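Quick notes on the structure that follows.
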Amino acid sequence: MNQPSRRDLLRAGAVASAAVLYPSPASAAPPPDCPPPLGPVRVLPDDPRYADLVRRGNRRFVGTPDEVRVVGATDQVVAAVQDAVRTGRRVAVRGGGHGFEGFVDDPAVRMVIDMSGLTEVYHDPRRYGFAVEAGATLGEAYRRLFLGWGVTIPGGSCPGVGVGGHVAGGGYGRLSRLHGLAADHLYAIEVVVVDRGGTARAVVATREPTDPHRDLWWAHTGAGGGTFGVVTRYWFRSLPTPPARVVDFTVTWPWDGMDEAGFCRLAGNFGRWCARNSAPDSRGRHLYGELILFRPQAGGHTLTGQVPHGSRHLLDELVAALGDGVGVTPTVSAQTLPWLAATLHADDDGKGWRLKVKSAFHRAPLTDRQLHVAYRHLTRADTDLLTGSLSLNTYGGAINAVPSTATAAAHRDASMLLFYLAGWSDPAADARGMAWIREFYRDMYADTGGVPPGGAYINYPDVDLRAETRAWPDLYYGPNYPRLQQVKARWDPRNVFHHDLSVRPPRQ
């Protein structure tokens, strides 16, 4: 059975104002008079394209908007937003369609702006950086940046994820422990906003200290999408060069023969390795790995990841460290591939599933109590859940070199990012699937009121947190929340752009 997964995770000098550029004969931006690739297209409910456009995400949610506006240029986005404001319709934006909650498919949303035509990736000599339009997927951006200039964005590991929401939420992936979050390389951003008078317009904001729009740039370095406006384009500078070759690996420890003590040992060993290797100068920062702890029906627990070819010894050391005291022998599959081939390999995006996810940042390994809670919930026999897992992801490294207030991504001291997932296909199983993951999460953090003390990742949104705690903004945004509220008040004073976990306007 295929298991759905989505993983989505700086050097201090990487955000310097001076850009390292890689011009080439093909590096020029598209001519200003070049027509957009498509759009604007108005797709209404009786259009044969409508069914596809409203089913591009988590199958628990299917939208019913009055129209989907497919756009291919910034001025088309401005026009769509203006139409929504003029007619009093709530608007939302869809890029790659990998949102875990129903923010775009909310019944209150009457217009969806689909970014399928905004997919260009190019070098922009006017802004001394690489431009990536918000409708591009990560895979498209990786391929074109690497083949054109030999650089990449250190973003997520699922090629089908849209750039637009991913970068705005920080953007974490396989190269982040070496090079920071995707947002750590963000120089400028183009956003369609709505002023107090109800007029939509496009604004470009940069990280330059003298830019009067700098606060809008800062808000898009970790606060997530859907709060301040519609992102249409990003510009990146100081992008890193990826390794020429990487070791792509999968290590599986079978459930057969593994008792509770062995399970706890495996997960505990992984947490201890992460804690030892989360500093910005750690030698282990070269390795990215995620240990996916599955229910017994999956057959075993899987460590997947990537390490530069010259650092293969780190994988061998990690496998040895994780296996200490586990009591079962793993199978190891590892192959050396060119970086791009490894990065673009098959993407099991989970879009055919009904999904619920939760997340948590951890500074330290799981406690003994948490390890036993994880074992109990993963081995529960009172549920027929098809897919249930807990992924422990390596974090830290270069990510932790950045001050928590330098970007809106405040979680800069973690060693692991935990990803809880429940997946099923039958709508009749919704209640059982939701109950399983909610009980699991609540029990894991029973000592801290049912929520993780280290916070949660906005790109893995979980509306339960809003229902369960008044302090939910602190979990996602930390001490940056009041500052984000001021940005909200300035750039979206009418609260045109909002969802269940968006930044709230400050109280008047």
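What you are looking at is a predicted structure, and each value in this text was computed from that prediction instead of being measured.
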Go through the structure and list residues passing salt bridge (Lys or Arg N to Asp or Glu O under 4.0 Å) with R143, not counting sequence neighbours.
none
Could you check if a side-chain atom of F146 sits within less than 4.5 angstrom of a side-chain atom of W339, using non-hydrogen atoms only?
yes
Taking the basic N atoms (NZ, or NE/NH1/NH2) and the acidic carboxylate oxygens, is any pair closer than 4.0 Å for R432 and D384?
yes
Give a yes or no on whether a salt bridge exists between R442 and D464, defined as a side-chain N under 4.0 angstrom from a carboxylate O.
no
Take the angle between the ring planes of H377 and F440 and call it parallel below 30°, perpendicular above 60°, tilted in between.
parallel
Do the charged groups of K356 and D462 touch, with an N to O distance under 4.0 Å?
yes
Assess whether side chain to side chain donor-acceptor pair (under 3.5 Å) is satisfied between T232 and E133, documenting all intermediate values.
CA-CA 6 Å; T232 53; E133 292 183 340; over 6 Å; no
For D443, salt bridge (Lys or Arg N to Asp or Glu O under 4.0 Å) partners two or more places apart
R376
Mind checking salt bridge (Lys or Arg N to Asp or Glu O under 4.0 Å) for D83 and listing every partner two or more places apart, or none if nothing turns up?
R69, R86
Would you check if the side chain of T387 reaches a backbone N or O of A422 as a donor-acceptor pair within less than 3.5 Å?
no
With a 4.0 Å cut-off, would you call R110 and E67 a salt bridge?
no
Between D447 and R369, does any NZ, NE, NH1 or NH2 come within less than 4.0 Å of an OD or OE carboxylate oxygen?
yes
Do the side chains of D114 and R94 get close enough for a salt bridge, i.e. N-O under 4.0 angstrom?
no
